[in-house]
Amino acid sequence: MRFARCGCLLLFVFQLFVVASPLAQTTALPFDVVISHGHIIDGTGSPWYSGDVGIRDGKIAAIGSLASAPRKRTIDAGGKVVAPGFIDMLGQSELTILVDPRLPSKIFQGITSEITGEGNSVAPLNDAIIESGRSGYEHFKITPDWRTFREYFARLEKQGMGINLASYVGATQVRRMVLGDDDKQPTPAQLGQMQALVRDAMKDGTVGVSTALQYPPAPYARTDELIALATEAGKSSGIYATHVRNEADSVLEAIDEALRIGREAHVPVEIWHIKVAGKNNWGRMPEVVAKINAARASGADVSADTYAYTAWYNDFSAFIPPWAHDGGTAKLVERLKDPATRDKIRKDMLTPSKDWNNEWQEIPGPDAIMIGAVENPALLALQGKRLSEIATLWNKDPMETLFDFLIQDPSTGVAVFAMSQTDVTLALQQPWVAIDNDSEGTSPEGILGQAHPHPRAYGTFPRILSKYVREEKALTLEDAIRKFSALPAQRMRLTDRGVLKAGMWADVVIFDPATVHDRATFDNPNQLSEGMEYVLVNGVPVIDQGKMTGALPGKVLRGPGYVP
């Protein structure tokens, strides 16, 4: 009787193990895909380990020894790295994803998710904002048939997309909805309207509120206004992300403002594309790092991201002082055409000041400005040329050339070479710094391929793997992957992405760390990166054996305040 009872008990324990074991449960049904023989770098910063990854219904169903498990497809990762898909902390693809939803420049880098919405977000919209941006919509052949984020996200889901996408609501955007482009302050009632727009956007699924305080009309907003908007986002567990007010002479003061906003609004702070800009500030990154480390030590939830190039890319019009932008683009062009006002703009640009981000004082010379994307077809031949070259072609002074160029195309983008490599590397190495592409998704083909973007648009993540990991050993491979995946997922509260673990969405990349590399250069940027052999988004390959599949399995990633 005693032996019989023991036998029954052993049988019961065995059956309980078989039924309850997660691995037994997950291997009972066939996997859609099993990735075998890979070196798994899970995103946490831990060393690689060997194992198989089983994927079912878009999610990671099991990790372990799955050699005998039934599956529909096997991907042999034979000695390659298997890692979480990369998360771009500032992507700018809100319009280009409507042009080419595959986003080749992103997926060939291994990017599977993007966060966008830098100050000027894709929504909310009104007729005045649409009219002011008409040239851009027409350039991309886009009809802006949405007004809210809910409507925009619905359009994305209807068309499909190659990567996952989340967005902030821009503080500049809600300011323009209520105040237009004028240099003025909101009344209490108008500030209430702006807060309501943020509240609605959070319910629509945005992840927080953002600022780009260098670009008018954003500089007209005072700190109290930004605290009020960030507070509204914080009520829905949102984040405050910022291109700080000054990245050059007053960078420390600008970071202080961001910290104050986070502290008084009770929200986490993300500092976009952290830098110390301008030749006079080279070598000041240790001061920036020390300030942020001190803030974190005191309890401030602040982090940052970088694209790790020594040139930034922004609007050519950012060289013009903020007061000259009052009223919008048309008013700016009028002022540039008026000789007296033009002389005043020139004087301000030639005068060092800590009151605004004077980029003319930051560059070594006019050869540090490269013309990027233009909207005026008559200027297409000048894409990729330096301001100094164009000044020679036009037989004009460089600053006069800048003014005349903006009159012909006020929407021009430029690359500006004014950062120190030592500063860039130090920022990249900080444990609280993730990675941003800070460029819209693009393609070498079609209308997107006509532009001349910063090479970071195509190369940021593979370049970090080749330059900073493989060649310079400034980062370990495991830490680079953490900065690409778990760190940004943690900051964005993406609790089901960013780590290779059972139950997580199967955003996965497979690559050879010895060969992965970027190809895009400043002179020839429209070149896809190489080395991503497989890229899976929600379990579906968008890159398969090094080739784009055209699949559109991406999802809208909605914030915690989302109300269906």
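- Expressed to the nearest 0.5 Å, how far CD of E375 lies from OG1 of T412 amounts to 8.0 Å.
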Evaluate salt bridge (Lys or Arg N to Asp or Glu O under 4.0 Å) for K106 paired with D88, printing each intermediate quantity in order.
CA-CA 9 Å; K106 298 278 180 176; D88 181 355; 2.6 Å; yes
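- There is a side-chain donor-acceptor pair under 3.5 Å between N314 and E359.
- Taking 4.5 Å as the limit, every side-chain heavy atom of W272 sits out of range of all side-chain heavy atoms of V244.
- In this structure a side-chain-to-backbone donor-acceptor pair under 3.5 Å is present from Q173 to P124.
- Checked against a 6.0 Å centroid threshold, the rings of Y240 and Y168 do not count as neighbours.
- Note that R342 lies outside the cation-pi zone of F403, set by a 6.0 Å cut-off to the ring centre and a 45° limit from the axis.
- R386 forms a cation-pi arrangement with F417, by the criterion of a distance under 6.0 Å to the ring centre and an angle within 45° of the ring axis.
- For the pair K483 and W432, the cation does not sit on the ring face, since its NZ or CZ is not both under 6.0 Å from the ring centre and inside 45° of the axis.
- R346 has its side chain within reach of E400: a pair of non-hydrogen atoms, C-beta onward, lies under 4.5 Å apart.
- Using a 4.5 Å heavy-atom threshold, the side chains of R463 and Y468 count as touching.
- For the side-chain contact (heavy atoms from CB on, under 4.5 Å) with I271, the qualifying choice from I255, L259, V433, T306 is I255, the only one to do so.
- The two residues A201 and F149 make their nearest non-hydrogen contact at CB-CD1, 3.9 Å.
- Between the side chains of N358 and S353, no donor N or O sits under 3.5 Å from an acceptor N or O.
- We find the NE2-OH distance between H273 and Y307 to be 6.5 Å, quoted to the nearest 0.5 Å.
- Screening D436, D305, D301 for a salt bridge (charged side-chain N to carboxylate O under 4.0 Å, His left out) involving R491 leaves a single residue, D301.
- Residues L428 and A308 come closest through the heavy atom pair CD2-CB, 4.3 Å.
- Counting heavy atoms from C-beta on, the side chains of R245 and Q214 never come closer than 4.5 Å.
- The environment of R155 atom CZ is dense: over 12 non-hydrogen atoms of other residues, nucleotides or ligands sit within 6.0 angstrom.
- Judged purely by distance below 3.5 Å, without hydrogens or angles, the side chains of W323 and D348 pair a donor atom with an acceptor atom.
- Under a cut-off of 6.0 angstrom, the local environment of NZ in K467 is crowded, with over 12 non-hydrogen atoms contributed by other residues, nucleotides or ligands.
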Show your reasoning for whether salt bridge (Lys or Arg N to Asp or Glu O under 4.0 Å) applies to R222 and E225.
CA-CA 6 Å; R222 296 175 182 168; E225 175 184 320; over 6 Å; no
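- Shown here for I239 and P268, the closest heavy-atom pair between the two residues is CG2-O, 3.7 Å.
- The environment of N395 atom CG is sparse: at most 12 non-hydrogen atoms of other residues, nucleotides or ligands sit within 6.0 angstrom.
- Considering CG of L226 and OG1 of T242, their distance stands at 8.0 Å, rounded to 0.5 Å.
- A heavy-atom distance below 4.5 Å is not found between the side chains of H325 and P217.
- You'll find the side chain of S132 reaches within 4.5 Å of the side chain of R176, heavy atoms only.
- Checking E94 against T116 by side-chain atom types alone, a donor-acceptor pair falls below 3.5 Å.
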E334 and K337: salt bridge (Lys or Arg N to Asp or Glu O under 4.0 Å), yes or no, with the steps?
CA-CA 5 Å; E334 284 180 22; K337 289 179 177 179; over 6 Å; no
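- From S93, atom OG reaches atom CD1 of I115 across 11.0 Å, with rounding to the nearest 0.5 Å.
- Side-chain atoms of N293 and R296 form no donor-acceptor pair, as typed in the model, at a separation below 3.5 Å.
- Rounding to the nearest 0.5 angstrom, the gap separating the OH atom in Y220 from the OG1 atom in T172 is 11.0 Å.
- A salt bridge is absent between K331 and D183: the closest approach of a Lys/Arg side-chain nitrogen to an acidic carboxylate oxygen does not fall below 4.0 angstrom.
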Please evaluate residues Q109 and S105 with respect to the criterion side-chain hydrogen bond (donor to acceptor under 3.5 Å, both in side chains), reporting the C-alpha separation (whole Å), side-chain torsions for both, the decisive distance (0.1 Å), and the verdict.
CA-CA 7 Å; Q109 293 184 64; S105 67; 5.2 Å; no
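- Listed here is the closest heavy atom pair of Y458 and S529: O-OG, 2.7 Å.
- In this structure, the side chains of V416 and I363 come closer than 4.5 Å at one or more pairs of heavy atoms.
- The OG1 atom of T521 sits 11.5 Å away from the NE2 atom of H454 when rounded to the nearest 0.5 Å.
- A heavy-atom distance below 4.5 Å is not found between the side chains of P455 and D518.
- Here the shortest heavy-atom pairing between W312 and E362 reads CH2-OE1, 3.3 Å.
- If you check the side chains of S388 and D367, you find no donor sitting under 3.5 Å from an acceptor.
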